[in-house]
There are 2 protein chains.
Amino acid sequence: MAPSEPRGRHSAEKTRARIVEAALQALRDEGIAGISARSIARRGGFNQALIFYHFGSVEGLLVAVARSESERRSALYAPALAEVSSLAELVAVARRLHDEEFQEGTVAALTQVLAGAVGSPELSRGISESLRPWTTLVGDTIDRLLADTPFRDLVPRDDLTAAVAALFLGIELLTGLDTELSGDSLFTTMESVARVIDGLLRSAAPPATA
Amino acid sequence: MAPSEPRGRHSAEKTRARIVEAALQALRDEGIAGISARSIARRGGFNQALIFYHFGSVEGLLVAVARSESERRSALYAPALAEVSSLAELVAVARRLHDEEFQEGTVAALTQVLAGAVGSPELSRGISESLRPWTTLVGDTIDRLLADTPFRDLVPRDDLTAAVAALFLGIELLTGLDTELSGDSLFTTMESVARVIDGLLRSAAPPATA
DNA sequence: GTCTATAACTAGATAGAC
DNA sequence: GTCTATCTAGTTATAGAC
């Protein structure tokens, strides 16, 4: 479905990147409910027909946005995640990610794409595939963290990974409301809590399970 | 904006409830991106003009959905939340809520409304007001829980409330994807973790903070 | 309070000129 | 590879009959 001649006046690669960037902005500012080929094209200053030429459909473009963001984030945070060795450090990386990406609205855009996946099996499949680089990276990090704790045999790695991802996405969903909720304060609090838990874990014997 | 003559062949109250119910189903099955006055009316078997007569606009209806759900849930879970006295018990109530509401898709519908609030200040305001009964209830519960722990002076109640809500909503957002992610397994895991933390807290002196 | 009909507009998608 | 023009269908919202 994707064309592949990089020898016109404009390269396909560059145009595709422009379109993806415009879609990201549209998702961030107008939300999935307000998205359309025309609203995206207006934002990027190109013709709406280009979206269908390069991505086949608006949904195809949304999948491309998810993949692009997943890959970019993976490359950007893999080094930091590789050095995480405590819960507090994991939260610190999450906080850095929040600080750096919140302004740009990239995580907010992702929550919008996820919301849009409801009721569209094709979009669901495409997105969950697109996010694999990122979920794999986070999962591996959590695996390593768990290895040293009393939770080792108690907590399936995938569940904890999902919970961490869910917490993060949920925060973005909620801070989208103009409530008094501040991500800054929330992450500061979570860092304190993480330090306390780290301390408890270090000073405790493996506890009784249920 | 809302009419108020309950003496026709059909009472306004009943019709409004029918419309809200149909909107909830539409949000759950088609998502915010697929919502329209016509898709809602089709589902409920009534005329789309009714939505504008009773709620002024589709957005007005979405706010009504949020309020209705917030009030229903508050009434339903207030008794259980009033008896919560440990983290594990709080997770247990969350699990009951998940079990009971997941099938019905009511939480999924809420995540869709929240996603729709992006880019619509009016919707944002309406929704965050509508949710107040519920957030107040959860906040008070967490307040009580915190009082007995080393986190007492460390954790602003609002932050923890937001984190709990975010986690819950994020889980619904993620389980919407057809991934292998199961809410059942996730909550079972969280119950185990909560028990461990409860145990650690009981056996530990107030720790050093940073 | 609920319906039909309609106005005014926007959507996704494609054909064909350039 | 990008544009204009266009088709078809769906959109919100309102007037006015019942």
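Computed from a prediction, not measured in an experiment: that's the story for all the values here.
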Q) Restricting to pairs with a member in residues 153-166 of chain A, which pass side chain to side chain donor-acceptor pair (under 3.5 Å), not counting sequence neighbours? A) A:D140-A:R157, A:D143-A:R157, A:D159-B:S185, A:D159-B:T189
Q. Would you call A:R28-A:E104 a salt bridge at under 4.0 Å N-O?
A. no
Q) In terms of side-chain geometry, is the basic nitrogen of B:R72 or B:E69 positioned less than 4.0 Å from the acidic oxygen of its partner? A) yes
Q. In which ranges does DNA chain D form stems of 3 or more consecutive Watson-Crick or G-U pairs, distances under 3.5 Å?
A. C:1-10 with D:9-18, C:12-18 with D:1-7
Rounding to an integer number of Å, can you tell me how far [X] [atom1] sits from [N] [atom2]?
| X | N | atom1 | atom2 | value |
| --- | --- | --- | --- | --- |
| B:E30 | D:dT11 | CD | P | 9 Å |
| B:L50 | D:dA13 | CG | C1' | 14 Å |
| B:I40 | D:dA13 | CD1 | C1' | 14 Å |

Q) Can you list the residues that meet the ring pair (Phe, Tyr, Trp, His ring centres under 6.0 Å) rule with B:F168, with sequence neighbours excluded? A) B:F187
Atom pairs under 3.5 Å, N or O on each side, protein against nucleotides 9-14 of chain C: can you list them with distances?
| unit_1 | atom_1 | unit_2 | atom_2 | d |
| --- | --- | --- | --- | --- |
| C:dA11 | OP1 | A:S36 | OG | 2.8 |
| C:dG12 | OP1 | A:A37 | N | 3.3 |
| C:dG12 | OP2 | A:A37 | N | 2.9 |
| C:dG12 | N7 | A:R38 | NH1 | 2.9 |
| C:dG12 | O6 | A:R38 | NH1 | 3.2 |
| C:dA13 | N6 | A:Q48 | NE2 | 2.6 |

Q. Are a donor atom and an acceptor atom from the side chains of B:S86 and B:R195 found within less than 3.5 Å of each other?
A. no
**Q.** Atom CD of A:E100 with >12 non-hydrogen neighbours under 6.0 angstrom
**A.** yes
Table please: side-chain donor-acceptor pairs of residues 107-114 of chain A below 3.5 Å, with sequence neighbours left out.
| unit_1 | atom_1 | unit_2 | atom_2 | d |
| --- | --- | --- | --- | --- |
| A:T111 | OG1 | A:A108 | O | 2.6 |
| A:Q112 | OE1 | A:I32 | N | 2.7 |
| A:Q112 | NE2 | B:A115 | O | 3.0 |

Q | Residues which pass side-chain contact (heavy atoms from CB on, under 4.5 Å) with A:L160, listed by chain and number, not counting sequence neighbours | A | A:I142, A:L146, A:V155
